[in-house]
Amino acid sequence: MKSAISLVVALTALASQSSAHLLTDAERADIFERFTHGGTLYPVYQYIRPNTNMNSPVIDLTSTDTRCNVGANGSATDTITVAAGDAFSFTSDVAVYHDGPLSIYMAKAPAAAKDFDGSGQVWFKILDIGPTFDSSGTATWNLAQTYTYNIPTALPSGDYILRIQQLAIHNPYPAGTPQFYIECAQITVTGGGTGTPGPLVSIPGWIDGTEPGYVVNIYNDFHNYTVPGPAVWAGQNA
Ligand SMILES: *[C@@H]1O[C@H](CO)[C@@H](O)[C@H](O)[C@H]1NC(C)=O
Ligand SMILES: *[C@@H]1O[C@H](CO)[C@@H](O)[C@H](O)[C@H]1NC(C)=O
């Protein structure tokens with residue numbers, strides 16, 4: 001009997017991990033689970049790799065989970081065709097509410113995007129969104145439910161992983177651990193340019209944990225901010 005009950009508990013836990021819809025509102029946060037292109041907001045995890053992490057952050061800077069989240073595997077995920085220059089959006093289950101920067105990275109897949117695990121020195125950054133500071137020096141973070149940007153026009157055509165990353169630094173280091181909320185879409189870029197994306201970094205390895213933007217205390221003498229990671233590639237409108 002005991003084992004039967006354990007099994008039910010285990011199956012229930014498994015079910016709540018495999019469906020985003022079983023979370024209560026209070027549990028939901030920062031899951032960038034829906035992709036928009038061409039005016040269509042696609043269903044949860046269509047073109048975005050599902051994961052087994054739900055709303056938990058990734059905190060281990062040395063883990064491959066920092067690429068596309070825990071248990072993410074694109075083999076069963078469709079890949080969407082997007083022209084260079086096109087707008088796209090990631091939409092979270094609820095608006096982001098942990099203070100911190102947001103970045104978008106990409107990696108060129110050697111073959112099909114669904115078969116690429118993101119290993120190697122292949123990642124480049126196309127967008128950083130840090131805080132703005134008003135005249136009194138008070139920071140405002142751009143905490144939204146949907147983030148929209150454009151595929152760089154200079155980006156060569158081909159299959160890519162498109163990765164969104166929110167770095168929550170509301171519990172400042174070292175008492176708290178910065179938290180990464182990550183999802184990866186799979187895209188085929190058409191009509192691309194002849195740019196050379198870079199600088200290229202590895203994930204993990206793209207942030208070493210010593211960056212001011214990682215260790216900063218945003219509640220104490222906070223007047224400027226640099227988003228961690230490589231410089232943004234200037235392939236937009238190139
Ligand atoms: C996804 O999982 C399949 C089956 O376990 C495995 O063969 C494949 O290498 C994985 N793909 C990635 C990109 O990790
Ligand atoms: C703010 O600017 C100073 C001076 O350039 C720099 O040393 C510091 O690391 C910056 N802080 C953050 C959080 O980026």
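One-based numbering, in listed order, for ligands and for the atoms of each. Since the structure is predicted, the reported quantities are computational estimates derived from the model, not experimental observations. The figures that follow rest on heavy atoms only: side chains count, while hydrogens, waters and symmetry mates do not.
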Contact table, ligand 2 N/O with protein N/O, distance under 3.5 Å:
{"from": "ligand 2", "atom 1": "2 (O)", "to": "N224", "atom 2": "OD1", "distance (Å)": "3.4"}
{"from": "ligand 2", "atom 1": "2 (O)", "to": "N224", "atom 2": "ND2", "distance (Å)": "2.4"}
{"from": "ligand 2", "atom 1": "11 (N)", "to": "N224", "atom 2": "ND2", "distance (Å)": "3.1"}
{"from": "ligand 2", "atom 1": "14 (O)", "to": "T226", "atom 2": "N", "distance (Å)": "3.1"}

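In plain terms, the two heavy atoms of F116 and P110 that are nearest each other are CD1-CD, 3.4 Å.
Counted within 6.0 Å of CZ on F133, heavy atoms from surrounding residues, nucleotides or ligands total more than 12; the atom is thus considered enclosed. Within 6.0 Å of atom CD1 in I59, 12 or fewer heavy atoms from other residues, nucleotides or ligands are found, so the atom counts as exposed in its surroundings.
Here the OH-CZ distance, from Y181 to F32, works out to 10.0 Å after rounding to the nearest 0.5 Å.
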#### Entry: Residues Q121, W206; criterion side-chain hydrogen bond (donor to acceptor under 3.5 Å, both in side chains); working and verdict
CA-CA 9 Å; Q121 192 176 331; W206 83 128; over 6 Å; no

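For residues 126-182, there are no disulfide (SG to SG under 2.5 Å) pairs, not counting sequence neighbours.
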